**Student:** 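Could you have a look at this structure, given as structure tokens, before my questions?
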Amino acid sequence: MMGANMFSNRDRRGKAGRFLAVLLMTATACVFALPLSGQTIEQKLDEYLKAAQRIQHFQGAVLVAKDGDILLSKGYGYADAQSLTKNFDYTEFLIGSVTKQFTAVAILQLAEKGKLNLDAPIGKYLPDYPGETAQKVTIHHLLTHTSGIPNYTELADVVGRRHDPITVSDLLHTFDTLPLQFEPGSAFRYSNSGYEVLGAIIEKVSGQSYEGYIRQHILKPAGMSSSGVAGDPKREIAMASGYAPDETGGLVSARYVHGSFSYAAGALFSTVQDMYRWDQALRGERMLHNDSRALMFTPFKEKYGYGWVIDTLYGHLVVTHDGGIDGFVSSFIRFVDVPFCAIVLANSEQARVNPITSALAAIAYEQPYDMPVEKTSIAIEPSALDQYVGAYEIGPEQYRLVLRDGDKLFARRSGGGTSQLLPESRDKFYYESDNSITMTFVRDASGGIVGHVLHQRGADVMAKRVDGDKAAQLLASTTVAQVDPSVYDQYVGEYELSPGFVLTVRRDGSRILTQATGQQEVEIFPRSETQFFLKVVDAQITFVRDHAGLVSSLVLHQGGRDMPAKKMK
């Protein structure tokens, strides 16, 4: 169950509760590969995808096109495991947050017709929208995830209703009275709520339902006859079945998410063939005028434009977006200045679609990439791990800590999560969560560790080891202090980070654990009697006492932000 993560761009969630999310992935492995002579690009693409299917449990459909030619268009694995129905390039899949680019285009079309102003507050078009949000948040803020409106898919009581139909009004009411999380325009925080508000604005301004507008003004002109807005289970009977991993790593059927719940943030379904037609429609002025399209592809905060993440790759302007909804994941990458796109639609939450699209682009442009292969870790004496423990500089005031916990080695990046490192050979380790990422430690002439080389997505990046007081300071932040467990009793309770989003703290013998609304419970470790840290990600919790000495609140520190939470009980 993907719960609060559904139909979100997996690389752009930005949640307050992300530090407690545990991403369950099948371990995979890769080796550095250079373009092979004697093979066509299509053969290389197919070889890579067959390896991903065999080793990484990928199943779905893929299309890669370059310079007006379709290099590959093919299905892999099963659309329905029970009936052994195979996936084809005409199989329909839910595309999750890739929906957001269609919503953005609809908004820009209405702006071109003079029916709305991107800089106008949402209250101008939704006069019943409550509170200061209606006057402070603009359509531009909604499009760029800079509105500050809380993300309703992070609210456990709301997410539990995702399987049932819901009206647009009731959907907006799940979050429209919540206070803004920051001043609109001042920060980026991925919010499905913002795109649901955009859907309501499209309906109000156009006089059509969201589904009706998208079908008439986007899907039909683009020739996307096998695409639509989900919501009718009978219509979706031809769609691939979605699968999620169980406790043993096998696949089980994912429960249906009603399209009215995902709505303008994630309700579309499509095929790779139709998504290629979408790519073609965006290259001319069939969908948008040139200036509107340029605006859509202009990065604002965190490289996010209007429904797209904008970057550069191989010297080209690239726009991309990922999606995820119960049982399905997707990734769509396209070059703006030259004809190229790669589309990956999968009906298994295990599929690592973003690395796949990156590898497909590398193959198409004859760049280095990582071919999936099997790997097995070797045995290593636990004491031998100590030589790798340290702090490594990866950028200005950015560090990667390599830590030992018993007989295991872990890597943690500043502001990021923690991943176990598995030994592949002497001085070379691979990430348990993604075996395509390897870390090779570098020695000086005397045999001491002076740095490491991180290999990821065909590229090698050197990180120099930090010594002296700075290293000691960084490593001290991960040292577990000796604290009498009875102290934990005074911290037990519920703390409200935001309306509907609560941290529950409990004691379990000599351990103290916390769980965020809709997330998995994790252990926290004492740095002192009042300060604690997490090992799964770079985050800290400080408990605060009132004038009477009683614990009244806590402060969650993560990603450079301090988020206070008042003790409720």
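Note that these values count all heavy atoms, side chains included, but never hydrogens, waters or copies made by symmetry. This one's a predicted model, so the numbers in the text were calculated from it and none came from an experiment.
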**Student:** Return the minimal non-hydrogen interatomic distance between His140 and Tyr306, and the atom names on each side.
**Tutor:** ND1-OH, 2.8 Å

**Student:** Between Tyr430 (side chain only) and Ser377 (backbone N and O only), is there a donor and an acceptor less than 3.5 Å apart?
**Tutor:**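 Side chain of Tyr430 to backbone of Ser377: a pair is present.
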
**Student:** Is any side-chain heavy atom of Ile449 closer than 4.5 Å to a side-chain heavy atom of Tyr392?
**Tutor:** yes

**Student:** Whether the side chain of Lys428 engages the backbone of Thr440 through a donor-acceptor N/O pair (distance < 3.5 Å, no angle test) should be reported.
**Tutor:**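 No, because the side chain of Lys428 does not come within donor-acceptor range (under 3.5 Å) of the backbone of Thr440.
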
**Student:** Quick one: do Val402 and Met439 satisfy side-chain contact (heavy atoms from CB on, under 4.5 Å)? Show the steps, please.
**Tutor:** CA-CA 10 Å; Val402 176; Met439 183 181 293; 4.1 Å; yes

**Student:** For the pair Ser193 (side chain) and Tyr152 (backbone), establish whether a donor and an acceptor sit closer than 3.5 Å, ignoring hydrogens and angles.
**Tutor:** yes

**Student:** Does Arg412 offer a backbone N or O that forms a donor-acceptor pair with the side chain of Thr418 under 3.5 Å?
**Tutor:**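 Absent.
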
**Student:** Are the side chains of Ile356 and Tyr48 in touch, meaning some heavy atoms are under 4.5 Å apart?
**Tutor:**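 They are in side-chain contact.
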
**Student:** Which heavy atom of Ser425 sits nearest a heavy atom of Ile378, and at what distance?
**Tutor:**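 Residues Ser425 and Ile378, closest heavy atoms: CA-CD1, 3.7 Å.
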
**Student:** Of the non-hydrogen atoms in Arg352 and Asp434, which two are nearest, and what is the gap between them?
**Tutor:** NH2-OD2, 2.5 Å

**Student:** Check whether more than 12 heavy atoms from other residues, nucleotides or ligands sit under 6.0 Å from atom CG of Asp546, and answer yes or no.
**Tutor:** yes

**Student:** Taking the six-membered ring for Trp, are His145 and Tyr195 closer than 6.0 Å centroid to centroid?
**Tutor:** yes

**Student:** Hey, can you tell me if Tyr304 and Phe188 have their rings parallel, tilted or perpendicular (30° and 60° cut-offs)?
**Tutor:**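 Rings of Tyr304 and Phe188: tilted, as their planes differ by 30° to 60°.
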
**Student:** Could you check if a side-chain atom of Thr438 sits within less than 4.5 angstrom of a side-chain atom of Glu424, using non-hydrogen atoms only?
**Tutor:**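 Result yes, sub-4.5 Å side-chain heavy-atom pair found.
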
**Student:** Suppose we screen for salt bridge (Lys or Arg N to Asp or Glu O under 4.0 Å). Which residues come up paired with Asp508, at least two apart in sequence or across chains?
**Tutor:**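 Partners of Asp508 by the salt bridge (Lys or Arg N to Asp or Glu O under 4.0 Å) criterion, ordered by chain and then number, come out as Arg511.
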
**Student:** Are Val487 and Thr530 close enough, and set up right, to give a side-chain contact (heavy atoms from CB on, under 4.5 Å), and what steps lead you there?
**Tutor:** CA-CA 9 Å; Val487 173; Thr530 58; over 6 Å; no

**Student:** Can you check whether Phe332 and His321 have ring centres sitting under 6.0 Å from each other?
**Tutor:**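 No; His321 has its ring centre 6.0 Å or more from that of Phe332.
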
**Student:** So which atom in Val450 and which in Arg443 form the shortest heavy-atom distance, rounded to 0.1 Å?
**Tutor:** CG2-C, 4.1 Å

**Student:** What's the spacing between Phe543 CZ and Lys567 NZ if we round to 0.5 Å?
**Tutor:** 8.5 Å

**Student:** Please check if the side chain of Glu349 supplies one atom and the backbone of Gly327 the other of a donor-acceptor pair under 3.5 Å.
**Tutor:** yes

**Student:** Take Val505 and Ile541 through the side-chain contact (heavy atoms from CB on, under 4.5 Å) test and state the conclusion after the steps.
**Tutor:** CA-CA 11 Å; Val505 177; Ile541 291 175; over 6 Å; no

**Student:** Look at the aromatic rings of Tyr491 and Phe532 and report parallel, tilted or perpendicular, splitting at 30° and 60°.
**Tutor:**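 Aromatic pair Tyr491/Phe532 classed perpendicular.
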
**Student:** Side-chain contact, heavy-atom cut-off 4.5 Å: Thr320 with Thr357?
**Tutor:** no

**Student:** Classify the side-chain pair Gln515/Arg506 by whether it contains a donor and acceptor separated by less than 3.5 Å.
**Tutor:**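 On atom types as modelled, these side chains do not qualify, holding no pair under 3.5 Å.
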
**Student:** Between Thr138 (side chain) and His141 (backbone), is there a donor-acceptor pair under 3.5 Å?
**Tutor:**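 The answer is yes, because a donor-acceptor pair under 3.5 Å joins these two groups.
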
**Student:** Measure the CG-CZ distance between Leu421 and Arg404 for me, rounded to the nearest 0.5 Å.
**Tutor:** 14.0 Å

**Student:** Between Val522 and Thr514, is any pair of side-chain heavy atoms under 4.5 Å apart?
**Tutor:** yes

**Student:** Between Asp370 and Gly458, is there a donor-acceptor pair closer than 3.5 Å when you use the side chain of the first and the backbone of the second?
**Tutor:**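 A pair under 3.5 Å: yes.
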
**Student:** List the steps, then state whether side-chain contact (heavy atoms from CB on, under 4.5 Å) holds for Asp427 with Tyr388.
**Tutor:** CA-CA 8 Å; Asp427 294 343; Tyr388 306 116; 2.7 Å; yes

**Student:** Answer yes or no: is there a side-chain heavy-atom contact under 4.5 Å between Arg507 and Ile512?
**Tutor:**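 No, every pair of side-chain atoms sits at 4.5 Å or beyond.
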
**Student:** Looking only at heavy atoms, what is the nearest atom pair of Val336 and Val319, with distance?
**Tutor:** CG2-CG1, 3.7 Å

**Student:** Hey, what do you get for CG (Leu513) to OG1 (Thr504), rounding to the nearest 0.5 Å?
**Tutor:**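 Atom-to-atom, Leu513:CG and Thr504:OG1 are 11.5 Å apart.
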
**Student:** Supply the atom-to-atom distance Ser552 OG to Tyr495 OH, rounded to the nearest 0.5 angstrom.
**Tutor:** 8.5 Å

**Student:** So, for Gln59 and Ser348, which heavy atoms are closest and what is the spacing to 0.1 Å?
**Tutor:**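 Looks like CG-CB, 3.9 Å.
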
**Student:** Just wondering, do Leu72 and Leu49 contact through their side chains at under 4.5 Å, heavy atoms?
**Tutor:** yes

**Student:** Counting distance only, does the side-chain N/O of Ser191 pair as donor-acceptor with the main-chain N or O of Ile149 below 3.5 Å?
**Tutor:** yes

**Student:** Verify the neighbour count for atom CD of Glu529: are there more than 12 heavy atoms of other residues, nucleotides or ligands below 6.0 Å?
**Tutor:**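 No, the 6.0 Å shell around CD holds no more than 12 heavy atoms from other groups.
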
**Student:** Supply the atom-to-atom distance Arg334 CZ to Phe297 CZ, rounded to the nearest 0.5 angstrom.
**Tutor:**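 Going from the CZ atom of Arg334 to the CZ atom of Phe297 covers 5.0 Å.
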
**Student:** Please find out if less than 6.0 Å separates the ring center of Phe429 from that of His452.
**Tutor:** no

**Student:** When rounded to the nearest 0.5 angstrom, what is the spacing between CG in Leu282 and CD in Gln101?
**Tutor:**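 Here the rounded value is 7.0 Å.
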
**Student:** Is Glu397 salt-bridged to Lys470, cutoff N-O under 4.0 Å?
**Tutor:** yes

**Student:** By salt bridge (Lys or Arg N to Asp or Glu O under 4.0 Å), which residues pair with Lys566, not counting sequence neighbours?
**Tutor:** none

**Student:** Is the shortest side-chain N to carboxylate O distance from Glu432 to Lys408 below 4.0 Å?
**Tutor:** no

**Student:** Just wondering, do Leu454 and Arg400 contact through their side chains at under 4.5 Å, heavy atoms?
**Tutor:**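 When only atoms from C-beta onward are counted, Leu454 and Arg400 do touch, with a gap below 4.5 Å.
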
**Student:** Has Lys66 got its NZ or CZ under 6.0 Å from the middle of the six-membered ring of Phe335, at an angle within 45 degrees of the ring axis?
**Tutor:** no

**Student:** Do side-chain atoms of Asn151 reach the backbone of Asn192 as a donor and acceptor pair under 3.5 angstrom?
**Tutor:** yes

**Student:** Looking only at atom types and distance, does a side-chain atom of Thr146 sit under 3.5 Å from a main-chain N or O of Ala187, one as donor and one as acceptor?
**Tutor:**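 Judged by distance alone, no pair lies under 3.5 Å.
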
